[in-house]
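Heavy-atom basis, side chains included; hydrogens, waters and symmetry copies ignored.
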Amino acid sequence: MVAARRGRQLLGVDVGGTFTDFLFWDGRQLRVEKRPSTPRNPEEAVLSGIRETGWQPEEVVHGSTVATNALLTRRGARTALVTTKGFRDTLIIGRQERPDIYALQPTKPPPLVPDGRRFEVYERVAGNGSVIVPLDEADVSAVLDRVERSRAEALAVCLLFSFLDPTHERRIAAEARRRGMTVTVSHELLPEHREYERTSTTVANAYVSPVMGRYLGRLAEGLRAEGGGGRLRIMQSNGGSIGAEQASKEAVRTVLSGPAGGVAGALRVGRAAGHPTVIAFDMGGTSTDVSFCRGEIGERADLTIGGIPIRTPTVDVHSVGAGGGSIAWIDEGGALRVGPQSAGAVPGPAAYGNGTTPTVTDAHIVLSRLPVDRFLGGAMALHSDRAERAIASIAAPFGSDTRRTAQAVISVVNANMARALRLISVERGQDPAEAALVAFGGAGPLHACDLAEELGIGTVIVPQAPGVLSAMGMLQADVVKDVEQGLVLYLDPAVTGAVSELTQTFERLEQQAREALALEGYRSRVRIERWADLRYAGQSHELRVRLGRGLAGSTIRRAFALAHEERFGHSDAERAIEVVVARIKARAPGFRVPLGTTAQATDTAAAEQRAVVVWDRPRRTRVLPRAAVGRRGIRGPAVLTQMDTTVLVPPGWQATPQREGHLILGRRT
């Protein structure tokens, strides 16, 4: 990483469903702020926070939910699709998969492009890249006339096997751009096989990019008006950042930008505490994101947002609808449920003073785990009477006992989150006991020890500023450029030339990645990683394997055999290998901001004793500011307060501060 020089002002901003988090480096200290989010216009919370603090950052790294929300709410641009004749219904046909195998009448979400805006051109490229049917220019012109008449705001172009020969796509895109259309072309965005996923991803990008472009335009204009005219960067789903211009054009790369920032921050905190294997546990106001990292950020190739498959490098995160604002309700069978619906920022939990629905936050207040006079460092008053009434509204199945009801709410949301933690660890062959649980987000440290007990985890790490760790991760994330190329290569000892062709492809992609970073001002200290999607001949799915600089058939086969053995428990030394995608990941170092230098609003409240319900019964519990915990630590039960979160230390656990400011929670021996 590049050490942030003295005097340089940097800002990380994470826009969440309930709060917008700020982490500002002024050259001497890190400063933390939180503001309620403004879901209708997310930039308002960002700009008002900068205005009220008087910051003038030279560089802003921002995690955005704009692309995600556009897909989830179906409020993207009016989009058209141009594809090869005979393939206009690819989006409808999809895969023969049933997300809910027990549904008697399964329904699929409607496509982003309806029937009347899916158009075909007469052309055809074969599976070996040869042209079977040349492109007819008159046909292209006629199809684009129809696109214009459809009043589409954006156009997706995805032709069959265009990743092998993109000539036809280039000609269509050139004519469409000449007419002033906003175009996403599949060979530029995702030059890979699998027509359905490539089409779906291209369409999704065309659908959300105009929305993202307008948002980033308003944000950049507002930053200039506030005096912060520096560079604006956006967090990608892969754990690295990109320039705002690229994010506007390839918005689909940002759909998990918030969770990616949190995972990057959690991994760094774990390393600083001597735990390279961590489980990132980010519980915010709306959702919980979890990820297992063994020394590095886990990554996967695809995800589904609102029923829409998207294929892009993505941090391996699993999300559940469990947050401080998750609504508790009684279902038709009389069972207590928590989430996935959330009270969000507006109206928020009942205790915030605007809503009446019971939430997880209200349950904590009823149990006295969340001191109402210390929330956000005392800057925001909470209403315990409103929380009591909200929990009482669902208390009938519990004998109208609000305390029992609140305990049940916590138990249910903990069960939901424990299920998510098992999915990313136990169900993938990973032992959670080998990892430290890094608890962050505004609500994470309240639940961390309960979940650690459930999964047999012995160490919990609470970062110095857990409520804004995602913003910290964004601020320090590498600048990353992913480029890839679909291939049809057979690695067989009897066939020569495949390794040479793969080497040439890597060299071309590396040059492309370096040039893209250079355009953004990153020319030195660029690190290159080579990856390939490999499979045995005849398999339908592949494994992503990291390769070294010196390529040889034997080393590639060995690397794939090890990956296959680890994943599936066997490998085949005699079977031919297919290379289906070559990938380059180019990294320019992000900023290294010193830990242990955070300046927060100081909690001046005196330490006191309160009755707090911990593990099913009220216990006499110390409540004190986290900053008041001495070097020797504090034994539970205790509640530690700070501006951006509250930490619950249960009986049998001890919290000990680390030199860099993080808090280590472990069972007492």
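- Around the CZ atom of R146, the shell of radius 6.0 Å holds no more than 12 heavy atoms that belong to other residues, nucleotides or ligands.
- Proximity of a side-chain donor or acceptor of S130 to a complementary backbone N or O of A126 within less than 3.5 Å is not detected.
- Side-chain contact check for E175 versus L144: some heavy-atom pair is nearer than 4.5 Å.
- Using a 4.5 Å heavy-atom threshold, the side chains of L11 and F22 count as touching.
- Counting only distance, with no hydrogens or angles, the side chain of T84 and the backbone of F87 share no donor-acceptor pair below 3.5 Å.
- Counting heavy atoms from C-beta on, the side chains of R527 and D478 come closer than 4.5 Å.
- Considering K585, R544, R546 in turn, R546 is the only one that fulfils the salt bridge (Lys or Arg N to Asp or Glu O under 4.0 Å) rule with E529.
- For CD of E245, the number of neighbouring non-hydrogen atoms (other residues, nucleotides, ligands) closer than 6.0 Å is 12 at most.
- The two residues S237 and A260 have their closest heavy-atom pair at O-CB, 3.7 Å.
- Within the 4.5 Å cutoff, no side-chain heavy atoms of V46 are placed close to those of V60.
- In this structure, the side chains of N238 and T314 stay at 4.5 Å or more apart for every pair of heavy atoms.
- A donor-acceptor contact shorter than 3.5 Å is absent between the side chain of D282 and the backbone of G262.
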Could you go through L155 and V147, starting from their C-alpha distance and side-chain angles, then the distance that decides it, and tell me whether this counts as side chain to side chain contact (heavy atoms under 4.5 Å, CB included)?
CA-CA 8 Å; L155 174 64; V147 171; 4.2 Å; yes

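- Sparse packing is recorded around CZ of R40, with 12 or fewer heavy atoms of other residues, nucleotides or ligands lying under 6.0 Å away.
- Test T199, T83, D115 against R88 for side-chain hydrogen bond (donor to acceptor under 3.5 Å, both in side chains) and you get one pass: D115.
- Judged by distance alone, with hydrogens and angles left aside, the side-chain atoms of E578 form no donor-acceptor pair with the main-chain N or O of Y490 at under 3.5 Å.
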